[in-house]
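Only one structure is covered here, and it is reproduced in the block below.
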Amino acid sequence: MKKLKYALFTGCTAKQSTPEQMMSTLAIAEKLNIELVELTEASCCGASHLQDYDDFLSLVLNARNIAYAEKHELTMVTICNTCQLNTAMTKHRLDNNADLKAKVNEKLAEVGLEYKGTSNIIHFLYAIIDDIGLDKIAEMVTTPLTQFNIAPFYGCHNIRPSELQNESHKTKESAYRPTSLDDLIIACGGQTVEYVEKNKCCGFHVELQAPKTAAILTGNAIAGAMDGNADWMVTPCPLCHLKLDTQTHHASQAIGREVKLPVLHMQQMIGLALGCSSEELGLKHHVTKVDFI
Amino acid sequence: MSTSNITTQKVNFKVFRFNADEDYLPYYEDYNMDVTSEEVVLDILNRIKWDHDGSFSYRRSCRHGICGACAIKVNGRSTLACKENMSTMIELFGSELTIEPLSIKRAVKDMIIDKGDFWEKHDAIHPYLISDVDEHPEHEHIVTPEEADRLLEADLCIQCGACHYACPALEVNDRFLGPAAFAKAYRFEADVRDQARNERLQELHSEEQGIWDCVKCFECAEVCPKDVNPIDKITKLHLMLFKEGVATSNVATRHAVGFKHSIAKHGMLDEGGLVLYSEGPGIVKHIPVALQMFRKGKIVMPWNMPKSDNLDEIQKLIKSSSTAKF
Ligand code: SF4
Ligand code: SF4
Ligand code: FES
C-alpha cells in the first residue's frame with residue numbers, strides 16, 4: 001500500500017486532556033502506513049468560541065495554521081470535530097471572498113506567511129475512509145470486535161453544516177443519517193447500535209455557561225446508547241469524548257438515571273481491531289473505566 | 001408533458017395521531033401508499049386526509065414555501081411539507097417514514113401544534129423596527145444596498161418553527177429564546193434605521209433568556225428551509241454584544257475572551273486556565289471531576305503546559321489583528 005502523508009493538526013485537547021487520543025492516533029498511523037507531520041507551530045483554532053469575541057482574529061489564526069500545512073504541501077488532517085469545523089470554515093470563507101482573503105493575508109505577511117488555499121482540510125475519520133477505504137481496513141483487521149455492540153456517536157461538527165463537511169471529503173455523509181462511523185464499526189468486525197441520539201449534540205460547548213443543558217444532553221446520549229444495548233460508545237471527537245467519559249455523574253443527576261458506558265476514540269477502536277495493545281492506545285487514561293479488554 | 005421519468009414507490013407511513021379533546025394518549029396509524037417521485041410531503045398529508053381519513057388535521061396555506069404553516073417532522077427531521085420532495089425523503093430515510101408534528105409535547109390535533117411558545121419568544125425580542133419617524137419627512141430614508149446587505153438572509157425567515165422545534169438547547173431549557181427569535185433579533189439589530197439596538201442587545205444578553213446557551217450544534221442551520229442560518233446570526237449577535245460594549249462579565253463572555261488570553265500566552269489553549277478564567281471562584285465545583293481526570297493523567301500542570309512553536313508570530317498577529325476589547 002502506498003504510504004500516505006498528511007500534516008497533522010493535533011488541536012489542544014490531544015495534547016492535554018485526551019493524551020490517549022494522541023497515542024492512539026500515532027499507533028494506528030503506524031499500522032496503516034500513514035506518515036503524519038505534526039504542525040507544531042499551529043495555534044488553537046478558537047474552538048468556536050473565539051469567533052464570538054473576535055471573528056477576524058479567529059480567521060487570521062486559523063489561516064496561519066492552514067498556511068503551515070500548505071508550506072509542507074500536504075493535506076491537513078484534524079482529529080477533533082470542532083478543529084475540523086473551524087479550520088474548514090475559515091478555508092471556505094477565505095476561498096469564497098477575495099477581499100477577506102486579502103485582508104487576512106495582509107496580516108499573515110507581517111510574519112512572512114501566506115494563505116493560498118492549496119491544502120485540503122479533512123478529519124482523520126474521512127481521510128481513512130477516503131484514502132485507505134473500508135474494505136482495506138476490514139482486510140487488515142486482526143482482532144475483529146465481533147462480540148461487541150458499539151454505539152457510534154458522530155458529534156455535531158463533523159456532520160453539520162453538511163455542505164461544508166462534504167467540501168472536504170468524498171465520503172457522502174448525511175446530517176440526518178450519517179453512516180461513516182457505523183461503516184467503520186462494521187469494518188472492524190463489530191455490531192453497530194442504532195439510537196436517535198447518535199447524531200445529536202453532547203452539550204460540550206456550554207458545559208461552563210449552561211451546565212444543566214449540557215448535562216441533560218450528555219445523559220440522553222449515553223442513555224440512548226445503553227437502551228440500544230451498547231457495550232461501549234465510539235466517537236471521532238475528543239470533546240464529545242470528554243463530555244461522555246468524564247461527566248457521567250452530572251449527566252446521571254440531570255436526567256435522574258444512572259448512566260455510564262466506556263467511550264472510545266475512533267482511533268482506539270481501529271487500534272483494537274488492528275491488534276494494538278491497550279498500553280499503546282492509552283486505555284488507562286479513561287475516567288469511565290474501559291473494562292472489557 | 002412527458003411522464004416517462006416519474007417513478008413510483010411503495011412507502012409505509014407511520015403517522016402520529018392525537019386529538020387533545022378525545023384521546024388520552026397519542027397513537028400511530030399506518031398508511032401504505034404508492035408515492036411518485038414528483039410528489040412533495042404535503043401531497044402525502046393531503047392524500048391521507050382525502051383518501052383515508054377526513055379527520056386527519058394539519059396546517060397549510062400557501063403551498064409555495066412562504067407562509068410557514070406546513071412544517072412537520074419526517075423521521076425526526078424538521079421539514080417544510082410543501083417544499084420537501086418525497087424523493088429526497090426516501091433517499092434519506094428509505095421507505096419507512098414516520099410523520100410527526102414539530103413538537104409532540106405541544107400537539108393539539110395530529111400535525112397541529114400549539115405554537116404559543118414560538119410566538120411568545122418571537123414577541124420577546126421586539127420584532128419590529130423601532131425608530132422616531134418624522135411625520136412630515138422632506139425626503140425618504142435611503143438605505144444603501146451595502147446597508148441592506150447587512151441583514152444577510154435574516155429577513156427571509158417565514159416563521160415556520162422548523163429550527164425552533166429542532167433546537168436541542170430549547171428542548172431542555174425553556175428560557176432559551178431559540179434560533180428563530182435570535183435570527184429575527186439580528187434582522188433588526190443589523191438594520192441601520194433601528195434605534196433600539198442597544199436596548200434589544202441588552203435584553204438578549206440577560207441571563208433569563210440565555211443567548212449564551214446555544215450549544216452550537218448547527219441543527220438550525222441544517223433544517224432551515226429558507227437558508228436563514230440562525231447560528232450564524234447568533235454568532236453575529238455575540239460579536240455585537242462585545243462591539244457595542246453591552247457584554248458584561250459572566251462565565252460565557254469570559255469563556256469567549258479567555259481563548260484570546262490563552263492563545264497569546266501559549267499558542268495553544270490552556271484548558272485548566274480557561275476554566276479558572278471563566279469560572280473565577282466557581283471553579284470549586286469542578287474539583288471532583290478534575291481530581292478524577294488528574295488521577296488518569298488527563299490534566300497538564302501549568303509548568304508542563306505545551307506551547308506552540310514560533311509563539312512570537314502568534315503574539316504579533318494577535319497584537320496587530322485583534323480589534324475586540326473587553
Ligand atoms: S446551533 Fe444553537 S440555536 Fe441552533 S439549533 Fe443548535 S443550540 Fe439551537
Ligand atoms: S429561521 Fe428558518 S427554520 Fe427557523 S423559523 Fe425562520 S424560516 Fe423557519
Ligand atoms: S404551505 Fe405555506 S410554507 Fe408550506
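Quantities reported herein were computed from a predicted structural model and do not represent experimental measurements. Within every chain, numbering begins at 1; the chains are lettered A, B, ... in the order of the sequence lines, protein sequences first and strands thereafter.
Ion pairing between A:Asp55 and A:Arg93 holds under the 4.0 Å rule for side-chain N and carboxylate O. Ion pairing between A:Asp227 and A:Arg257 holds under the 4.0 Å rule for side-chain N and carboxylate O. With respect to A:Arg177 and A:Glu173, no salt bridge is recorded, no charged nitrogen being found less than 4.0 Å from a carboxylate O. No salt bridge links B:Glu96 with B:Lys14; every basic N to acidic carboxylate O contact stays at or beyond 4.0 Å. Taking a cutoff of 4.0 Å between a charged side-chain nitrogen and a carboxylate oxygen, B:Asp312 and B:Lys316 do not qualify as a salt bridge. A salt bridge links B:Glu153 with B:Lys233; the closest basic N to acidic carboxylate O contact falls under 4.0 Å.
Contacts between A:Ile216 and chain B at a heavy-atom distance below 4.5 Å involve the side chain alone, from C-beta outward. Heavy atoms closer than 4.5 Å to chain B are found in the side chain of A:Ala175, but not in its backbone. Within the 4.5 angstrom heavy-atom criterion, only side-chain atoms of A:Phe56, from C-beta onward, approach chain B. For A:Glu106, no part lies under 4.5 angstrom from a heavy atom of chain B. With a 4.5 Å cut-off on non-hydrogen atoms, A:Pro19 touches chain B through its side chain but not through its backbone. With a 4.5 angstrom heavy-atom cutoff, A:Val206 touches chain B only via side-chain atoms. Interface remark: A:Leu59 contributes no atoms to any contact with chain B (heavy atom separation under 4.5 Å). Contact annotation for A:Ser17: both backbone and side-chain heavy atoms come within less than 4.5 Å of a heavy atom of chain B. For A:Thr82, no part sits under 4.5 Å from any heavy atom of chain B, backbone or side chain. Proximity to chain B involves both the backbone and the side chain of A:Leu108, based on heavy atoms less than 4.5 angstrom apart. The contact between B:His286 and chain A is made entirely by side chain atoms (from C-beta outward), counting heavy-atom distances below 4.5 Å. Of the two parts of B:Val289, only the side chain, counted from C-beta on, holds a non-hydrogen atom closer than 4.5 Å to a non-hydrogen atom of chain A. Residue contact with chain B, scored on non-hydrogen atoms closer than 4.5 Å, involves the backbone and the side chain of A:Lys15 alike. There is no contact between B:Met240 and chain A, counting heavy-atom distances below 4.5 Å. For B:Glu171, no part lies near chain A; criterion is any non-hydrogen pair under 4.5 Å. Contact annotation for B:Leu239: both backbone and side-chain heavy atoms come within less than 4.5 Å of a heavy atom of chain A. For B:Val300, the part sitting under 4.5 Å from any heavy atom of chain A is the side chain, from C-beta outward, and nothing else. Both the backbone and the side chain of A:Leu50 come within less than 4.5 Å of a heavy atom of chain B. With a 4.5 angstrom heavy-atom cutoff, B:Lys319 does not touch chain A via any of its atoms.
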A:Thr179 vs A:Asp182, test: side-chain hydrogen bond (donor to acceptor under 3.5 Å, both in side chains). Steps then yes/no.
CA-CA 5 Å; A:Thr179 53; A:Asp182 291 82; over 6 Å; no
Carefully, step by step, assess A:His205 and B:His255 under the rule ring pair (Phe, Tyr, Trp, His ring centres under 6.0 Å).
CA-CA 10 Å; A:His205 288 287; B:His255 189 231; 8.2 Å; no
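Aromatic rings of B:Phe259 and A:Tyr53 (six-membered ring for Trp) have centroids beyond the 6.0 Å cut-off, not under it.
For the pair A:His265/A:Leu281, no side-chain contact is recorded, criterion being any heavy-atom separation below 4.5 Å from C-beta on. Put simply, the side chain of A:Glu41 does not reach to within 4.5 Å of the side chain of B:Ser308, judged on heavy atoms.
Counting heavy-atom pairs closer than 4.5 Å to chain A, the top residue among B:Ala256, B:Pro168, B:Ala169 is B:Ala256. Contact count against chain A (heavy-atom pairs under 4.5 Å) is highest for B:His238 among B:Gln292, B:His266, B:His238, B:Lys236. Interface remark: of the candidates B:Lys307, B:Met305, B:Met268, B:Arg295, B:Met268 forms the most heavy-atom pairs closer than 4.5 Å to chain A. Note on A:Ala47, A:Gly112, A:Ser48, A:Ala42: by heavy-atom pairs under 4.5 Å with chain B, the leading option is A:Ser48. Chain B forms the most heavy-atom pairs under 4.5 Å with one residue out of A:Leu208, A:Thr213, A:Val60, and that residue is A:Leu208.
Annotation: salt bridge (Lys or Arg N to Asp or Glu O under 4.0 Å) contacts of B:Lys285 (sequence neighbours excluded): B:Glu279.
For residues 269-278 of chain B, heavy-atom neighbours of chain A at less than 4.5 Å comprise B:Leu269, B:Asp270, B:Glu271, B:Val275, B:Ser278, sorted by residue number. Scanning residues 73-80 of chain B against chain A with a 4.5 Å heavy-atom cutoff picks out B:Arg77, ordered by number. Within residues 221-231 of chain B, the residues having any heavy atom closer than 4.5 Å to a heavy atom of chain A are B:Glu222, B:Val223, listed by residue number.
Using cut-offs of 30° and 60° for the angle between ring planes, the A:His241 and A:His286 rings count as perpendicular.
A donor-acceptor pair shorter than 3.5 Å can be found between the side chains of A:Gln247 and A:Glu207. For the 3.5 Å distance criterion, the side chains of B:Asp309 and A:Tyr68 fail to qualify, holding no donor opposite an acceptor. Residues A:Gln268 and A:Ser24 have side chains that never bring a donor and an acceptor to within less than 3.5 angstrom of each other. Side-chain contact check for B:Asp117 and B:Tyr165: at least one donor-acceptor pair (N or O, by modelled atom type) lies under 3.5 Å.
Between the side chain of B:Ser262 and the backbone N or O of B:Gly258 there is no donor-acceptor pair closer than 3.5 Å.
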